[in-house]
Amino acid sequence: MPVSQENFNKLGRYLENGHQLVRGIKAIAEDQMPPRRYKGEELVELVGAKVNTIYMAEKEGRLPSPDLDPNTHRRLGATLEQVLVMQEYFGTRPWRRPEEAAVVMSFTNFKGGCWKTTTSWYAGSYYANLGYRVLFVDLDPQASLTYNCGILPDFETSHEQSLGPYILEEEGFPASWAKQVIRDTHLPNLKIIPSTLQLAGVEYALSNAIMEARSESDRLSKMMHWFHRVKDIVNEVKADFDIVIMDGTPSLGLLPLNIIFASDAVVVPVPTEITDFASTLSFGDLYKDQSETLYQTFGDDVVLPDMLFLPTRFSASEKTATLGSEFVLEQIRKTFSTDCMQSVIKKHEAVVSNLSLMRRTVFDVNAGDANVNREARKRAMANFKTVFDEILERAVYPRWPSKKAVLEEKGIY
Ligand SMILES: Nc1ncnc2c1ncn2[C@@H]1O[C@H](COP(=O)(O)OP(=O)(O)O)[C@@H](O)[C@H]1O
Ligand SMILES: [Mg+2]
């Protein structure tokens with residue numbers, strides 16, 4: 001069929017409708033989602049002080065007075081913002097010590113749909129809800145993490161508001177200014193450097209830069225420079241945070257490679273499904289080849305992250321003889337041995353998709369909010385908590401001498 005201008009006009013109208021819909025959904029989420037409130041046991045654990053001690057401090061004005069239900073005059077529970085104030089007052093913040101460095105991590109695999117973005121998002125939300133200062137760095141042009149954090153990609157972000165120009169060292173964008181593009185989210189201690197579609201162009205520009213560097217006399221140092229752009233920038237912005245989580249595309253392009261080099265720890269989500277397990281092995285092969293070549297070329301200048309393998313998409317009910325989740329999980333454990341995590345991410349379809357619509361994680365909502373089944377919420381919270389606590393113990397605390405005591409207590413060290 002011959003194409004006419006009307007084809008493009010029609011597509012334009014469809015897209016405008018779609019964009020309006022997305023903006024509408026965003027507005028609903030912003031209006032309707034109440035903050036999570038902590039009370040009772042949860043509050044005690046989070047603040048590290050007894051309920052009566054907290055109440056007394058509130059009564060005596062050492063802490064702000066609590067929010068009360070206007071009708072019943074009962075306590076509503078503390079928001080995360082109020083919890084952070086209490087942690088500061090009681091000296092129970094979980095923060096790293098000032099002389100310790102923020103831990104930078106990423107969930108990486110070149111397989112799409114193995115829950116990288118969602119797991120990054122849930123991890124950041126979990127750590128922020130414990131009181132850590134968390135920074136997301138979105139480097140996926142598809143910008144799902146940006147969207148999940150309440151920022152509409154490309155409408156509310158642009159090339160200049162992403163890491164793009166800093167990575168490419170455009171004039172007027174030195175790495176030391178990258179702090180400017182950090183944005184707020186609905187949680188006071190969770191920030192994000194958003195993404196934009198134009199990061200796709202950054203991937204091309206980076207490969208051109210590497211190609212050019214190859215023909216130059218100081219090519220080794222030039223190439224190292226372009227592999228470490230994200231690391232150099234993250235080093236400039238991480239001082240105000242405890243944990244930095246980066247999200248990228250499912251490929252082994254130069255941006256994802258930059259993410260790997262910028263990470264202290266890379267968690268590789270491995271779906272417990274046989275085809276995806278196979279492609280994870282290919283990812284491993286490619287990564288091994290590339291990093292080995294780099295090591296042979298650059299020697300000790302190449303610092304590689306710790307790797308942990310995290311089984312995902314686990315569904316205990318899928319026990320279909322040989323190809324079920326259980327079977328593949330066993331193979332993953334055998335293959336990656338001690339670098340395989342003990343915990344696995346299970347399927348929580350209803351919870352994750354209902355909450356995605358509201359741009360909230362299970363850690364951001366109260367029981368009964370957003371039509372999420374209470375039992376399913378509890379199960380999802382418990383599962384994610386196990387996974388993210390294991391990441392804390394294996395990838396974060398070992399880098400903070402002040403937290404080693406926590407590990408020793410548990411007999412891990
Ligand atoms: N634990 C989970 N349980 C159920 N569905 C999930 C879970 N984690 C992610 N999903 C869903 O899987 C899909 C792909 O996830 P996503 O995180 O975008 O993958 P990736 O970033 O690896 O491409 C999304 O629709 C997401 O809602
Ligand atoms: Mg993704």
Side-chain angles (χ1 to χ4, degrees), residues 22 25 29 105-126 136-149 151 153 162 192-197 199-200 203 245-253 255-256 258-260 263 266-273 275-277 279-280 282-283 308-318 325 328-329 341 343-365 370-373 375-391:
V22 169
I25 292 172
M105 63 170 94
S106 57
F107 294 83
T108 300
N109 191 335
F110 71 13
K111 178 82 201 143
C114 54
W115 298 359
K116 293 180 298 296
T117 303
T118 310
T119 309
S120 305
W121 180 33
Y122 272 58
S125 161
Y126 175 69
F136 282 143
V137 180
D138 193 356
L139 289 168
D140 180 353
Q142 292 193 17
S144 313
L145 192 58
T146 299
Y147 177 80
N148 291 338
C149 286
I151 300 170
S162 76
I192 182 168
I193 296 183
S195 172
T196 157
L197 196 55
L199 281 177
E203 176 67 47
I245 301 176
M246 300 173 291
D247 190 33
T249 43
S251 67
L252 259 187
L255 264 181
N258 258 272
I259 292 180
I260 292 179
S263 303
V266 169
V267 180
V268 183
V270 189
T272 48
E273 283 155 21
T275 40
D276 295 328
F277 175 52
S279 60
T280 300
S282 314
F283 166 80
L308 280 176
F309 294 84
L310 168 61
T312 65
R313 290 225 303 254
F314 184 74
S315 163
S317 58
E318 278 178 18
S325 272
V328 182
L329 177 60
M341 288 181 52
S343 44
V344 305
I345 298 193
K346 297 179 188 164
K347 285 192 182 157
H348 304 285
E349 255 142 16
V351 177
V352 171
S353 65
N354 274 6
L355 289 176
S356 292
L357 201 59
M358 293 295 162
R359 332 279 268 293
R360 293 291 185 271
T361 75
V362 76
F363 300 108
D364 295 328
V365 294
N371 291 324
V372 173
N373 174 286
E375 285 310 307
R377 170 178 175 270
K378 252 195 212 162
R379 275 199 303 274
M381 284 175 89
N383 176 216
F384 283 115
K385 177 178 166 21
T386 319
V387 172
F388 301 141
D389 282 347
E390 186 178 348
I391 294 178

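All residue numbers in this chain count up from 1 along the given sequence. For ligands, and for the atoms within them, numbers begin at 1 and follow the listed sequence.
With a heavy-atom cut-off of 4.0 Å, Phe384 touches ligand 1 through its side chain alone. If you look at Ile345 next to ligand 1, the close heavy atoms, those under 4.0 Å, all belong to the side chain.
Across Val387, Asp364, Val352, a single residue satisfies side chain to side chain contact (heavy atoms under 4.5 Å, CB included) together with Tyr122, and that is Val352.
The side-chain heavy atoms of Asp247 and Phe107, taken from C-beta on, include no pair separated by under 4.5 Å. Between Phe110 and Ser282, some side-chain heavy-atom pair lies under the 4.5 Å cut-off. Residues Met341 and Ile391 form a side-chain contact, since some pair of their non-hydrogen atoms from C-beta on lies under 4.5 Å apart.
Heavy-atom minimum distance, Ser195 versus Thr146: N-OG1, 2.9 Å. When all heavy atoms of Pro250 and Lys116 are compared, the closest pair comes out as CB-NZ, 3.7 Å. Heavy-atom minimum distance, Ser263 versus Met105: OG-C, 4.1 Å.
In terms of polar-atom proximity, Gly113 is counted as a contact of ligand 1, with an N or O under 3.5 Å from an N or O of the ligand. Polar contact check, Lys116 against ligand 1: a nitrogen or oxygen pair lies under 3.5 Å apart. Residue Lys111 has no nitrogen or oxygen atom sitting less than 3.5 Å from a nitrogen or oxygen atom of ligand 1, judged on distance alone.
Shortest contact from atom 6 (C) of ligand 1 to any protein heavy atom: Trp115 CE2, 3.5 Å. Of all protein heavy atoms, the one closest to atom 27 (O) of ligand 1 is Val352 CG1, 3.5 Å. Given atom 21 (O) of ligand 1, the protein heavy atom at minimum distance is Thr117 OG1, 2.8 Å.
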Under the side-chain contact (heavy atoms from CB on, under 4.5 Å) criterion, do Leu310 and Thr119 qualify, and how do the steps go?
CA-CA 10 Å; Leu310 168 61; Thr119 309; 4.3 Å; yes
side-chain contact (heavy atoms from CB on, under 4.5 Å) between Tyr126 and Thr361, intermediate numbers included:
CA-CA 8 Å; Tyr126 175 69; Thr361 75; over 6 Å; no
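The Mg ion (ligand 2) has an N, O or S atom of Thr117 under 2.8 Å away, backbone or side chain.
The nearest protein heavy atom to atom 3 (N) of ligand 1 is closer than 4.0 Å.
Close to ligand 1: Lys346, with a non-hydrogen atom less than 4.0 angstrom away. The shortest separation from a heavy atom of Tyr122 to ligand 1 is not under 4.0 Å, leaving the residue out of contact. The closest approach between a heavy atom of Cys114 and any atom of ligand 1 is below 4.0 Å.
Interface atoms of ligand 1 facing His348, defined by a heavy-atom separation under 4.0 Å, are 2 (C), 3 (N), 4 (C). Those atoms of ligand 1 that come under 4.0 Å of a heavy atom in Lys347, given as number and element, are 3 (N).
Surrounding CD of Glu390 are more than 12 heavy atoms belonging to other residues, nucleotides or ligands, all under 6.0 Å away.
If you check each of Thr118, Asn109, Thr119, Asn383 against atom 17 (O) of ligand 1, the one with the closest non-hydrogen atom is Thr118.
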